[in-house]
Amino acid sequence: MDRKSLRENLENYRTPFEDESSFVDDFIELTFDDNAFVRERLEGHFTGSAWIVNKRRTHTLLTLHRKLNKWLQLGGHADGHENLLEVAMAEAQEESGLTSLRIVDSRIFDIDRHTIPQRGDVPEHFHYDVRFLFEAEMNEPLQISEESKDLAWIQFDAVEDMVGPNPSILRMLEKTSKSEILM
């Protein structure tokens, strides 16, 4: 998936969630910016994330992000790489140590634009996060990376207690619960 196919995927992306549909056009517009995939674009840039579930669709893998101190899906900066599916896969492997990861669907699963607080010389900015659905084996050992305080498989019915009022994560959870994608 290059910039052009990302734009086409975004143009064809449909969601019943009003909050998510409200920023689809902003994602499409960002694909025209030469610096959209680098973190040096200080007003905001693309990131790629993996919503990882087990085969039975009862658990999701979340990380307690070291800098943000929040339970989140795995993912990170594109650092110039325009294939956000590959970014999501690489970040998920790096942040979990999982080798059983498999892409459930190469289409975009979810998008979210969220604010990242100022840290050092980097001002507050937006992450335009493109998420993909992955599956992994729960019995595989996890390796916590430097970017995490913790990493855990969370049962679907406990996710809200873990993440709090995070509409983005709860939306992905709802999509997974309703999804018939390769179950």
Kindly indicate, with the supporting measurements, whether the criterion side-chain contact (heavy atoms from CB on, under 4.5 Å) is fulfilled by V163 and L170.
-> CA-CA 8 Å; V163 304; L170 298 178; 4.2 Å; yes
Begin with the C-alpha distance, continue with both residues' side-chain angles, and end with the deciding distance and a verdict on side-chain contact (heavy atoms from CB on, under 4.5 Å) for E91 and M89.
-> CA-CA 6 Å; E91 291 288 331; M89 174 63 92; over 6 Å; no
Before giving the answer on side-chain contact (heavy atoms from CB on, under 4.5 Å), spell out for T115 and E124 the whole-Å C-alpha distance, their side-chain angles and the decisive distance to 0.1 Å.
-> CA-CA 7 Å; T115 305; E124 179 179 274; 3.3 Å; yes
Test log, rule side-chain contact (heavy atoms from CB on, under 4.5 Å), inputs F132 and V104 | CA-CA 8 Å; F132 298 91; V104 174; over 6 Å; no
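Side-chain atoms of E147 and T63, non-hydrogen and from C-beta on, never get closer than 4.5 Å to each other. Contact of the F46 side chain with the T31 side chain is registered, since non-hydrogen atoms from C-beta on lie closer than 4.5 Å. Side-chain contact between L74 and S96: present, with at least one pair of heavy atoms (C-beta onward) separated by less than 4.5 Å. A heavy-atom distance below 4.5 Å is not found between the side chains of F126 and I116.
Between the side chain of Q143 and the backbone N or O of L98, no donor-acceptor pair lies under 3.5 Å. With hydrogens and angles ignored, the 3.5 Å screen pairs no side-chain donor or acceptor of R57 with any backbone N or O of T176. A donor-acceptor distance shorter than 3.5 angstrom exists from the side chain of H125 to the backbone of P123, with no hydrogens or angles considered. Looking only at distances, no side-chain donor or acceptor of R119 sits under 3.5 Å from a matching main-chain atom of V122. In this structure, R39 contributes its side chain and G80 its backbone to no donor-acceptor pair below 3.5 Å. At distances below 3.5 Å, at least one donor-acceptor pair connects side-chain atoms of E95 with backbone N or O atoms of G75. Formation of a donor-acceptor pair under 3.5 Å by the R66 side chain with backbone atoms of S148 is found in this model. A side-chain donor-acceptor contact under 3.5 Å links D2 to the backbone of S5. Side-chain N or O atoms of H127 include none that pairs as donor or acceptor with a backbone N or O of D129 at under 3.5 Å. No side-chain donor-acceptor contact under 3.5 Å links K70 to the backbone of L64.
Looking at R131 and S168, their side chains do bring a donor and an acceptor atom within 3.5 Å of each other. A side-chain N or O of E86 and one of H81 form a donor-acceptor pair less than 3.5 Å apart.
Residue V24 comes nearest to L10 through the heavy atom pair CG1-O, 3.6 Å, listed as atom of the first residue, atom of the second, then distance. Nearest heavy atom pair, residue N35 against residue D33, reads N-OD1, 2.7 Å. Taking both residues in full, the closest heavy atoms of A92 and I52 are given as CB-CD1, 3.9 Å, listed atom of the first, atom of the second, then distance.
Atom CD of E29 sits in a sparse spot, with 12 or fewer heavy atoms from other residues, nucleotides or ligands closer than 6.0 Å. Other residues, nucleotides and ligands contribute over 12 non-hydrogen atoms within 6.0 Å of the CD atom of Q118.
Rounded to the nearest 0.5 angstrom, W51 CH2 and I169 CD1 are separated by 5.5 Å. Rounding to the nearest 0.5 angstrom, the gap separating the OG atom in S145 from the CD atom in Q93 is 13.0 Å. To the nearest 0.5 Å, atom CG of residue L6 and atom OH of residue Y13 are 12.0 Å apart. In this structure, the separation between CZ on F156 and OG1 on T60 is 6.0 Å, given to the nearest 0.5 Å. Of the inter-residue distances, the one linking L84 atom CG with I111 atom CD1 reads 11.5 Å to the nearest 0.5 angstrom. Residue D79 holds its CG atom at 10.5 Å from OG1 of T47, rounded to the nearest 0.5 Å.
Hydrophobic clustering of Ile, Leu, Val, Met, Phe, Trp and Tyr side chains at less than 4.5 Å, counting indirect connections, keeps L30 apart from L42. By the criterion of side-chain heavy atoms lying less than 4.5 angstrom apart, applied directly or through intervening Ile, Leu, Val, Met, Phe, Trp or Tyr residues, L85 is not grouped with V38; the two fall into different hydrophobic clusters.
Checked against S100 for a side-chain hydrogen bond (donor to acceptor under 3.5 Å, both in side chains), the options K55, E135, E140, E137 give a single hit: E140. With R171 as the partner, the side-chain hydrogen bond (donor to acceptor under 3.5 Å, both in side chains) test is satisfied by one option alone out of T15, D19, N166: D19.
Between K175 and E20 there is a salt bridge, with a side-chain nitrogen of the basic residue lying less than 4.0 Å from a carboxylate oxygen of the acidic one.
Ring centers of F27 and Y128: under 6.0 Å apart, within the cut-off.
For the pair R3 and F37, the cation-pi test (distance below 6.0 Å, angle within 45°) is failed.
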